[in-house]
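A quick write-up on the structure given underneath.
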Amino acid sequence: MKNKIIMLVLAVAIFIPSIVAIISYNNTNAAPVSEKNVRTLTVADLAGNTFSFDKDEKDQSDMIDFFFSMNSASSKVASLPEPLIGTAFFKVTMSSSQKNADYQYYFSTDASQAYFIDPAGQAYAIPEDYAASFIESRYAVSLYVNAVVPTLAVSSSAVLPSSAAWMYKNSAGVYVECDTQTAANAQKVSLEGGLELLFSLNPDHFNVKLTDTANGKVVFNDQYDKISSLSIDKSVVLSVEIDAKWYEDAARDYFGEMHYAFTADIAAPAEFFLAHSTRENGQFTSISALNIADLTKIQFTSTPDIGYTPTFFRDGDYAVALLPISCDVPAGTYTLSLKYGGVSEDITLEVKQRNVRYFNYSISAAILNATRTDATIKAFNDAMADLNKSGSEKKYWEGLFAEPVVKASSYDGVITTGFGHLRKINGTDISYTHEGVDYIRSKGSEVFAGNNGVVVFAGYTELGGNTVVIEHGYGLKTWYSHLSELKVAVGNEVKKGDAIGLVGATGFTNQNGVHAGMTIFGVPVSPYSAWYDEEIKIVKK
């Protein structure tokens with residue numbers, strides 16, 4: 001019996017260290033982060049900057065001690081003041097070897113209104129002297145609007161200074177120097193069309209020196225507001241030196257200076273051309289441009305608003321866009337503003353009022369109710385929505401466009417209602433602008449493609465009946481409706497004059513014929529000039 005007792009004691013003794021270790025480990029994991037076991041502290045400010053402090057580093061451990069001392073001196077309150085709920089805060093994470101504890105600190109430039117919420121959700125009011133100590137330190141820089149160091153964009157490309165100094169005034173009225181980021185290596189920017197320099201905060205002194213690296217010649221050395229006198233008409237590589245200063249002033253709470261040195265590889269400036277200076281509403285024109293590397297960076301605005309933003313396509317060395325002028329655009333003078341890189345150009349377009357005639361349209365109630373209702377119009381627009389947004393990057397058309405039918409007699413093949421005129425349906429209050437050209441033609445007669453292109457729709461809708469849509473490139477499409485039979489399918493490539501269907505009376509129509517339309521990205525335009533007067537004009541230098 002004695003031996004059994006001895007063996008039991010020995011067994012317990014063997015396991016005691018393990019048991020102690022387990023208990024110690026569990027206690028350590030369960031222990032809250034305290035001043036005794038904290039290892040690191042991280043402050044994330046309102047701008048997303050982070051500052052880290054390590055207990056083992058003397059100059060950093062002071063900040064850890066400060067936060068624990070501030071917390072101990074703070075007073076428990078029922079809740080965070082209402083104005084602070086939902087506002088931005090400094091996130092402070094205190095970490096031991098096993099756990100993290102997150103605190104939310106609500107500081108402002110008013111030291112008397114400072115609070116924090118501990119990991120358990122309890123709110124505390126921070127003593128004013130502690131709050132003042134923090135908000136006057138460099139770690140509270142995100143509280144001060146004018147502590148944000150100005151940035152420079154060079155034709156939308158961000159560039160860092162080679163040297164910089166920026167001072168802001170804190171809540172105590174003392175200037176504090178900001179940390180500034182400078183370029184570690186020589187910078188080079190590639191620009192298109194010119195050199196545009198834009199500071200986020202305009203400097204008082206802004207001198208620019210430009211040197212042609214090919215020959216060492218200084219091409220500009222003056223204040224930036226005079227740089228419009230500099231003409232860059234070819235590709236060039238410039239050495240750029242900028243000296244910018246914001247002067248100290250009693251009315252301000254900031255001052256500083258930035259120096260920049262970088263190389264700018266500038267491509268030849270963009271040039272823009274408008275095919276017509278005068279058009280009627282309902283017609284269209286084109287815009288072409290040279291020296292465009294990235295089509296998506298062309299910016300377009302119009303004054304007054306012409307109601308359309310052109311889409312540019314690549315055409316050899318040129319960028320080309322067709323510009324429809326909707327029937328709804330009022331007559332007047334429009335300034336078309338185009339911008340690319342450092343180049344801005346205004347072009348004037350005079351829009352004249354087209355001649356509008358009024359037609360009464362007689363059609364049976366049965367056909368009207370079956371083919372032209374809110375539902376059939378919506379169904380048609382829904383079916384064509386994706387087509388109207390699309391445009392081929394390939395230009396298929398060549399020369400003049402052809403009319404869709406052959407005139408067989410003084411009656412057969414004539415136009416009954418032209419483009420852009422107003423139609424009123426007899427016996428109703430329905431009126432609308434006619435968006436195409438209607439022909440009378442014998443049933444079964446062939447309907448022809450107006451020009452080279454690709455068939456993007458061949459099918460039936462209640463409104464249009466059997467319809468063919470051909471994409472000719474750059475978003476230009478022709479439409480052929482009311483056909484009795486289709487002779488093409490989606491994806492077929494056609495040539496000008498190819499038969500695409502047969503004349504019929506399907507859809508919303510009161511006679512055998514064909515409705516021929518032309519659109520640019522879904523905007524109806526008059527086809528007359530493309531048929532009779534001129535090829536679609538694209539200006540090239």
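Counting begins at 1 with the first residue of the sequence.
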Going by atom types alone, do Asp110 and Ser112 pair a side-chain donor with an acceptor below 3.5 Å? yes
Residues which pass side-chain hydrogen bond (donor to acceptor under 3.5 Å, both in side chains) with Asn170, listed by chain and number, not counting sequence neighbours: none
May I ask you to decide if the ring planes of Phe107 and Phe90 are parallel, tilted or perpendicular, using 30° and 60° as cut-offs? perpendicular
May I ask you to check whether Phe53 and Tyr139 place their ring centres under 6.0 Å from each other? yes
Identify whether the distance between the nearest side-chain nitrogen and carboxylate oxygen of Asp204 and Arg252 falls below 4.0 Å. yes
Side-chain donor/acceptor pairs under 3.5 Å, residues 517-526, sequence neighbours excluded:
unit_1 : atom_1 : unit_2 : atom_2 : d
Thr519 : OG1    : Trp479 : NE1    : 2.9
Ser526 : OG     : Tyr528 : N      : 3.4

Identified side chain to side chain donor-acceptor pair (under 3.5 Å) partner of Thr93 from the options Asn100, Thr40, Asp102, Thr50: Asp102
Between Asp65 and Lys55, does at least one N-O distance fall below 4.0 Å, as a salt bridge requires? yes
Would Asn207 and Asn221 count as having a side-chain donor-acceptor pair, cut-off 3.5 Å? yes
Salt-bridge contact Asp243-Lys209 (side-chain N to carboxylate O under 4.0 Å): no
Check side-chain contact (heavy atoms from CB on, under 4.5 Å) between Ser431 and all other residues, then give those that pass, not counting sequence neighbours. Lys424
Say whether His276 and Glu534, considering side chains only, have a donor N or O and an acceptor N or O under 3.5 Å apart. yes
Taking the side chain as every heavy atom from C-beta outward, state whether Phe284 and Ile536 have any pair of such atoms under 4.5 Å apart. yes
Carboxylate-amine/guanidinium proximity below 4.0 Å for Arg39 and Asp54: no
Any salt bridge linking Lys378 with Asp382? Criterion: basic side-chain nitrogen under 4.0 Å from a carboxylate oxygen. yes
Applying salt bridge (Lys or Arg N to Asp or Glu O under 4.0 Å), can you list everything that pairs with Glu471, at least two apart in sequence or on another chain? Lys477
Who are the side-chain hydrogen bond (donor to acceptor under 3.5 Å, both in side chains) partners of Asp317, not counting sequence neighbours? none
Summary of ring-ring contact (aromatic ring centres under 6.0 Å, His included) pairs that have at least one residue in residues 241-264, sequence neighbours excluded: Trp166-Trp246, Trp166-Tyr254, Tyr175-Phe255, Phe199-Trp246, Phe199-Tyr260
Distance only, no hydrogens: is a donor on one side chain within 3.5 Å (strictly under) of an acceptor on the other, for Tyr105 and Asn71? yes
Indicate, with yes or no, if the rings of Tyr144 and Tyr168 have centres closer together than 6.0 Å. yes
Contact check, side chains of Val189 and Asp265, non-hydrogen atoms, under 4.5 Å: no
Okay, side chain of Tyr224, backbone of Leu197: is any donor-acceptor separation there less than 3.5 Å? yes
